[in-house]
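In what follows, a single structure is set out as structure tokens and then discussed.
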Amino acid sequence: MMWDALIPGVFALFGAALFCWVILVTRRFHGKYSLDHDTQSPQKYHAVAVPRIGGVALFVGLVVGAVFHGLQGDDQLYLSKWAGIAALPVFLGGLLEDVFKKISARDRLLLAFLSAAIAYYELGIGLRAVGWEFFDTTILSQPGISLILTVFMVGGVAHSTNIIDGFNGLLIGFSLLVLGAFLWVLTVVNDYNLTIYTAILVGGLGGALVFNFPKGRIFLGDGGAYLIGFLLAVLALLLVSRHPKISPWFPLAAMAYPVVETLFSIIRKTLIERRHAMVPDSKHLHMLVFEKISPQVMNLFHINRNAATSVVMWSVGLSSILPSLLFWDNTFACLIIFGVFSGGYTLLYLRLSDRNEL
């Protein structure tokens, strides 16, 4: 990886950080709409009203990084243009929920599907193989199957990142760890262009992290959370579609935490608790960690309980990210990593929860 590929990321970092600062100093003008005044709902862990439009700052940072990249004379900005256009439905859906609180989780998921469909046609991110020859040649090759699977995968990842966005720096820190793994693999396969775009996302996230961890002075909101998940999914699919040597299961192994969290929550709510999967509650793993583990961790790192929860969950995420780096080109190993993580997640959840409630 050439070091100059990281320069647009630096501009994205400063762009996102600067706009976060602008949001904070102008909050008295837009606070009526932008502040998260709800401190009592099941998934709320802040004590005072905080701006929840950090996703706007992230988007601005990404635009700054992409514009700087374009000014360097790159004649292949098709990717950044259509990635931005494709991201608009899912980002705006989340942002409207942040401001007006009237966009349902179902509608946000449908908008994520729309964004995925645009990316499928314009960026060529369609799923081409899963590493199972029979499925790849007999089923995936049929018309429309790749589109359907791609839309559900991208939309699902976007929704999953919103689910884990509950504590200071949790989602941003985890995303940076995943992107670090992507960058390492990109250096191995020598993909300079995709490295630039990954670096831009890293920079934008880094700029927002300054104001989101350890103290949550600004929240990403649904707009930021859905945007991050969408872009992570798009990068993952571009990675495997451009480089057949990379296992199609490597991104899944690296992003096992939010995916397993989502699948586990759906099963828990619908099959065990007999209620709708979209109803928010306070029983996600990171919430149990906040109650049972974080008090000890905050003393160890001298940070607040909210941030301590994120540190613990970063460690949980790393338990699949690190081994996936060793076996990024081995489908069987990546499947094992995902399976082991799923089992470990379940055991940890059961240990921390009141099993009588399940």
Self-check item: For the student: nearest non-hydrogen atoms of Thr309 and His286, plus distance
Solution: CG2-O, 3.2 Å
Quiz item: So which of Val130, Leu149, Ile145 actually passes side chain to side chain contact (heavy atoms under 4.5 Å, CB included) with Ile139?
Solution: Ile145
Exercise. Output, in order, the C-alpha distance, side-chain angles, deciding distance and verdict of side chain to side chain contact (heavy atoms under 4.5 Å, CB included) for Arg242 and Asp191.
Key: CA-CA 9 Å; Arg242 291 188 175 200; Asp191 190 327; 3.6 Å; yes
Quiz item: Any donor and acceptor pair, going by atom type alone, linking the side chain of Ser241 with main-chain N or O of Ile125 inside 3.5 Å?
Solution: no
Quiz prompt | Transitive ILVMFWY side-chain link Val50 to Phe29, under 4.5 Å | solution = no
Quiz item: Is the CZ atom of Phe135 crowded by more than 12 outside heavy atoms at less than 6.0 Å?
Solution: yes
Quiz prompt | Leu237 vs Met153 side-chain heavy atoms within contact, under 4.5 Å | solution = yes
Exercise. List the steps and the verdict of ring pair (Phe, Tyr, Trp, His ring centres under 6.0 Å) for Phe250 and Phe327.
Key: CA-CA 8 Å; Phe250 160 67; Phe327 302 101; over 10 Å; no
Exercise. Mark yes when over 12 heavy atoms from residues, nucleotides or ligands other than Lys292 sit less than 6.0 Å from its NZ; otherwise mark no.
Key: yes
Quiz prompt | Residues, nucleotides or ligands: over 12 heavy atoms within 6.0 Å of Trp328 CH2 | solution = yes
Practice problem: To the nearest 0.5 Å, tell me how far Leu239 CG sits from Thr198 OG1. | Solution: 7.5 Å
Quiz item: Between Pro323 and Leu318, what is the shortest heavy-atom contact and its length?
Solution: CD-O, 3.9 Å
Quiz prompt | Sidechain N-carboxylate O distance under 4.0 Å for Asp329, Lys245 | solution = no
Quiz item: Quick one: does Ser34's side chain have a donor or acceptor within less than 3.5 Å of a partner on Ile53's backbone?
Solution: no
Practice problem: Compare all side-chain heavy atoms of Val289 with those of Ser294 and state whether any distance is below 4.5 angstrom. | Solution: yes
Practice problem: Would you kindly check if the NZ (Lys) or CZ (Arg) of Arg305 is within the cone defined by 45 degrees around the ring axis of Phe290 and under 6.0 Å from the six-membered ring centre? | Solution: yes
Practice problem: State, yes or no, whether a side-chain contact exists between Leu147 and Tyr121 at a heavy-atom distance under 4.5 Å. | Solution: yes
Quiz item: Looking only at heavy atoms, what is the nearest atom pair of Tyr226 and His159, with distance?
Solution: OH-ND1, 3.0 Å
Practice problem: Would you check, one step at a time, whether the test side chain to side chain contact (heavy atoms under 4.5 Å, CB included) holds for Asn304 with Asn168? | Solution: CA-CA 10 Å; Asn304 62 67; Asn168 300 347; 4.1 Å; yes
Self-check item: Any donor-acceptor pair under 3.5 Å from Ser115 side chain to Ala86 backbone
Solution: yes
Practice problem: Determine the interplanar angle of the Phe264 and Tyr345 rings, folded into 0 to 90°, and report it as parallel if under 30°, tilted if 30 to 60°, perpendicular if over 60°. | Solution: perpendicular
Quiz item: Given side chains that start at C-beta, do those of Tyr257 and Phe341 come closer than 4.5 Å, heavy atoms only?
Solution: yes
Quiz item: With the threshold set at 4.0 Å, does a side-chain nitrogen-carboxylate oxygen contact exist between Glu97 and Lys102?
Solution: no
Quiz item: Counting heavy atoms not belonging to Gln296, are there more than 12 under 6.0 Å from its CD?
Solution: yes
Quiz prompt | Validation row: Phe338, Val259 side chains within 4.5 angstrom (heavy atoms) | solution = yes
Self-check item: Student check: side-chain heavy atoms of Asp222 and Arg108 closer than 4.5 Å
Solution: yes
Quiz prompt | Distance (rounded to the nearest 0.5 Å) between Thr161 OG1 and Leu227 CG | solution = 9.0 Å
Exercise. Starting from the C-alpha separation in whole Å, work towards a yes-or-no answer on side chain to side chain contact (heavy atoms under 4.5 Å, CB included) for Leu95 and Phe91.
Key: CA-CA 6 Å; Leu95 182 61; Phe91 170 64; 4.2 Å; yes
Exercise. Would you name the heavy atoms of Ile196 and Pro8 that are closest together and state the gap between them?
Key: CG2-CG, 3.9 Å
Exercise. Using atom types as modelled and distance alone, determine if a side-chain donor or acceptor of His284 lies under 3.5 Å from a backbone N or O of Gly166.
Key: no
Quiz item: At their closest point, which heavy atom of Val234 faces which heavy atom of Ala119, and how far apart are they?
Solution: CG2-CB, 4.4 Å
Quiz item: Is any side-chain heavy atom of Val154 closer than 4.5 Å to a side-chain heavy atom of Tyr120?
Solution: no
Quiz item: Taking a hydrophobic cluster as the set of Ile, Leu, Val, Met, Phe, Trp and Tyr residues connected by side-chain heavy atoms closer than 4.5 Å, whether directly or through intermediates, do Val157 and Ile267 fall within one such cluster?
Solution: no
Quiz item: Does the side chain to side chain contact (heavy atoms under 4.5 Å, CB included) test come out yes or no for Trp21 and Leu18, once each step is laid out?
Solution: CA-CA 5 Å; Trp21 177 80; Leu18 178 61; 4.1 Å; yes
Quiz item: Measuring from Leu177:CG to Ile172:CD1, what's the distance to the nearest 0.5 Å?
Solution: 12.0 Å
Quiz item: Hey, what do you get for CG (Leu6) to CG (Leu183), rounding to the nearest 0.5 Å?
Solution: 7.5 Å
Self-check item: Side-chain donor/acceptor of Lys215 to backbone N/O of Asn212, under 3.5 Å
Solution: no
Practice problem: Side-chain contact test, heavy atoms from C-beta onward, threshold under 4.5 Å: evaluate it for Leu35 versus Arg27 and give yes or no. | Solution: yes
Self-check item: Lys/Arg N to Asp/Glu carboxylate O, Lys81 vs Glu122, below 4.0 Å
Solution: no
Exercise. Determine the minimum heavy-atom distance between Pro258 and Thr262, stating which atoms define it.
Key: O-OG1, 2.9 Å
Quiz item: Do His69 and Tyr197 have their ring centres less than 6.0 Å from each other?
Solution: yes
Self-check item: Audit row: Trp314, Phe213, ring pair (Phe, Tyr, Trp, His ring centres under 6.0 Å) steps and yes/no
Solution: CA-CA 13 Å; Trp314 294 344; Phe213 180 87; 5.0 Å; yes
Self-check item: Interatomic spacing from CG in Asn190 to NE2 in His243 - rounded to 0.5 Å
Solution: 8.5 Å
